[in-house]
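One structure below.
Just so it is clear: chains get the letters A, B, ... in the order the sequence lines come, proteins before strands, and each one is counted from 1.
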Amino acid sequence: MSPEEELQSNVSVASSTRNIVGVLKEHNYLGLSDCSSVGSSNLSGLADDDKATISLKATELTLGLPGSQSPARDTELNSLGPAKLDEKLFFPLLPSKDEICPSSQKNIASGNKRGFADTMDKVPVYTEKNWMFPEAVVATQSVIKKEVAQNIPKGKLSTTNNSSSPPAAKAQIVGWPPVRSYRKNTLATTCKNSDEVDGKPGSGPLFVKVSMDGAPYLRKVDLRSYTNYGELSAALEKMFTTFTLGQCGTSGATGKDVRNETKLKDLLNGKDYVLTYEDKDGDWMLVGDFSWEIFIGVCKKLKIMKGCDAIGLAAAPAPRAMEKSKMRA
Amino acid sequence: MNYFPDEVIEHVFDFVTSHKDRNSISLVCKSWFKIERYSRQNVFIGNCYSISPERLLRRFPCFKSLTLKGKPHFADFNLVPHGWGGFVQPWIEALARSRVGLEELRLKRMVVTDEGLELLSRSFVNFKSLVLVSCEGFSTDGLASIASNCRHLRDLDLQENEIDDHRGQWLSCFPETYTSLVTLNFACLEGETNLVALERLVARSPNLRSLKLNRAVPLDALARLMACAPQIVDLGVGSYEDEQDSESCLKLQAAIRKCTSLRSLSGFLEAAPHCLSAFHPVCHNLTSLNLSYAAEIHGSHLIKLIEHCKKLQRLWILDSIGDKGLEVVASTCKELQELRVFPTDLHGGGNTAVTEDGLVAISAGCPKLHSILYFCQQMTNAALITVARNCPNFIRFRLCILEPHKPDHVTSQPLDEGFGAIVQACKNLKRLSVSGLLTDQVFLYIGMFATQLEMLSIAFAGDTDKGMLYVLNGCKKMRKLEIRDSPFGDAALLADVNKYETMRSLWMSSCEVTLGGCKRLARKAPWLNVEIINENDNNRMEENGYEGRQKVDNKLYLYRTVVGTRVDAPPFVWIL
């Protein structure tokens, strides 16, 4: 399907879904009395009326949705046939009969896949084995295959398939967990202060601002996400590539030279730019004098200066740098 | 009502204070619109780019208080690069040029400058209240202007801002004749504080009710401050590093005993573990306790303090309190309305300080609980269903399971049923954040049951576009929808373009939307600003001709506006 067709069919799905919801709301406020009441721990929290209301609402909402058994996937997307849908198959919250649940799991899975494999070229994601978001690791793969209903009490679950492989090295995801950076930095400072006493390294992220002469805006980097100067330097190069190229005479960020990532490195190596930092005492120092561990302990801000501006910097603080390195040794 | 003179109607309107209500009455008829317009005192603008200062002034010429919010919520988590926008300068300049007698300015996630603060301080004779939350771009020099020039200042409340601390003398800029201070919060300042100036300021401020100190205010200074301000209601302790029975400690204990009005305690940014015991005498009156920065205080000390806090309504704490500690909270704090449990270990290093048991205990013990933010390592559907049954009154429910995609740790099922139970039971739910392993199913529940939902935060959840469609179709009152790392694409984005006019904003990052899809949306909806925040190699996509189909690896932020494209966007923001 071309993107346009795909869009239209899905638009019609959406609007028909909406119509159905509208229709539902008018008709289905009364509770159904025909839901079978198999006791289950999951359902204890719900009132009978609510269960019934859910069941009816749920089934009729299944437009092209999991649980439907109609074979022709395409027509399903366009036609609204609530009458065709088997209410027992669909809603896991329902006190449905045990033998139905496992198959409903499978139908959900297969229903999903067929429909979306047809309409959206997303085969890699929605395969037989892994109908969840691909990053959902091995541990969750077994959810479909297990013949487990939502309402089977804990003790009876078969856990043989449950291969929970913990992620090996937890890569730090940007902005996760969702804790304000102010809070992260404050806790990091507190921990760092107490850890300095204990001699242990701090563990929280350490964000510092990075500015560059001539760049219109600042960036921020987490110093703790690097382990040495090389990594920091590479990251900064990547971040600030566009600026130096702009200054090299290409037309802003649209020049063909964008991909030439070595340019900044050349510039840095060619001493056109140097990396400096502001330490706890407010002095600007050249990066590189101290060991990495000490550096992240004292660095408050970073600045990429033009080489000519930094000449004074190299010479003047040298005696102080020596003093400071003596103090910290 | 039309037979009453305007003054009478206006007087009646004075009793209507909520923004929503005032917006409603302004829609009744032309005459009410006019009366309401001239009498509106407090204006709230949830997105500073939805309207311009000029239009604000045209509509409400007589307001006294302005609240402005700038960056989207996910900017709190470093997802919005520096320089994106949210500059308050044009607002201050426009207001300064006008005749508005501004008395209060409240800003959230905006960029403020020293020049702006200086202009603010000089332009409004009756300026009384400055509240800055999560703002940046200014220094203590700006604070010095405020202190020097605002003769009638009552509140200076700086919450979690990034302020360049020049270690200057801003506190001593308050004139000696200045005595009207009611609120002073500078806890977020990192530098040294002029303690002498601070003590003199507090001593000459008989109306001081709220004082929140930064970490540079040591114990002996705190003791002296409390001795001159026994009327204090809200205290933020800066630093409490001292020996247990030192003279300062004893003086502090004596001062604390006199603070019979103290209702709210926070801070402890640097805290020796034993320090909390000094505050036991005032615990029985405390209604609000924020110990979420006190990383150095052990759980057992926290518990000892909380055992005395029977009237607590609001508690912000770290997960070092543990499930056992939460059980103590549940059995002690029967008045609890709001709970936030923050993670100490941000990298999920296997520290299982609080689990689903703590959450269940709280829900069972605190019948008045209506707002919760809970960070934990693990959760189960059964626990959430129990919580929903115990606490059907949630207005805000935010659960953050630290590991993305984590299923029910007992059954290995997705957490769809648990969250489904929450939205089904809590009929007044206005704000929801979901986490853990979630399929499209949970969004079906949300769309069906969360009829009052106004703000929804989604991360690492869902399977297909249907998930997002359920939400867009079902939640009629949705105002802010923010999604990251979820497989929703163009079909969902474009299904109902008109929906976005009923919302304040939509954020989607690391989803499946394409640049082509965003452009189509922008064409269909000229009343929206559709912004792409682009941090990587921007132009590869356009050059290689894949722009239509290639995934937008960047961030989509769209919002309704009546003033069109903004002019202050940096180059890495594409406005389509």
Side-chain angles (χ1 to χ4, degrees), chain A residues 3 6-7 10-11 14 17-18 21 41-42 45-46 50 57 61 65 92-93 112 116 125 131-133 135-137 139-140 142-143 148 150 154 157 162 170 172-184 186-187 190-191 193-194 203-205 216-220 252-254 258-259, chain B residues 74 76-79 81-83 134 160 162 188 269-270 293 295-296 342-343 346-348 375 381-382 385-386 388-389 400 402 404-405 407 410-414 417 420-421 424-425 437 439 444 448 460 462-466 469 473-474 487 490-491 494-496 537-539 548-549 570-571:
Chain A
E6 154 195 342
L7 182 64
N10 282 312
V11 167
T17 311
R18 234 183 312 135
V21 173
S41 54
N42 282 4
L46 302 174
D50 288 341
K57 272 190 191 175
L61 258 184
L65 290 176
L93 265 187
N112 234 351
F116 279 85
V125 177
W131 60 287
M132 279 167 263
F133 194 66
E135 284 175 24
V137 146
T140 57
S142 51
V143 172
V148 168
Q150 303 285 357
K154 287 206 280 200
L157 287 182
N162 189 9
K170 282 190 185 161
Q172 257 179 301
I173 305 168
V174 175
W176 192 265
V179 173
R180 277 193 186 167
S181 38
Y182 172 82
R183 182 175 288 280
K184 277 186 187 170
T186 306
L187 279 178
T190 307
C191 293
N193 290 344
S194 60
S203 58
Y217 50 87
L218 303 176
R219 305 303 299 269
K220 269 192 191 172
T254 54
V258 166
R259 267 166 259 157
Chain B
F74 276 178
D76 282 350
F77 317 130
N78 284 332
L79 288 177
H82 218 92
S134 297
E160 300 191 348
E162 271 190 42
C188 59
L269 304 169
E270 307 214 342
Y293 288 103
E296 296 167 313
F342 292 97
L346 294 170
H347 300 292
F375 285 84
N381 282 311
I385 290 168
T386 308
R389 187 184 52 221
C400 179
L402 289 166
H405 306 301
V410 169
T411 65
S412 296
Q413 298 289 321
E417 300 310 308
Q424 205 250 333
L437 181 66
T439 72
L444 174 64
M448 273 169 54
F460 305 101
D463 309 313
T464 73
D465 283 337
K466 281 179 183 161
L469 285 171
N473 292 338
D490 294 340
L494 289 158
D496 180 7
D537 264 322
N538 323 339
N539 307 290
R549 275 167 280 154

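- Contacts of B/S134 with chain A are made by side-chain atoms alone, with heavy-atom separations under 4.5 Å and no backbone atom involved.
- Between A/V174 and B/N78, the shortest heavy-atom distance links the atoms CG1-O, 4.2 Å.
- Judged by the 6.0 Å distance and 45° axis criteria, A/R183 is positioned over the aromatic ring of B/F342.
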*Could you go step by step and tell me if B/F460 and A/I173 meet the side-chain contact (heavy atoms from CB on, under 4.5 Å) rule?*
CA-CA 11 Å; B/F460 305 101; A/I173 305 168; 3.9 Å; yes
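- In this structure, B/F375 and A/P178 have side chains that are in contact, with non-hydrogen atoms separated by less than 4.5 Å.
- Counting only distance, with no hydrogens or angles, the side chain of A/W176 and the backbone of B/L402 share a donor-acceptor pair below 3.5 Å.
- Among all heavy-atom pairs drawn from B/P343 and A/L187, the shortest one is O-CD1, 4.2 Å.
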_Between A/Y182 and B/E162, is the side-chain contact (heavy atoms from CB on, under 4.5 Å) condition met? List the steps._
CA-CA 8 Å; A/Y182 172 82; B/E162 271 190 42; 5.6 Å; no
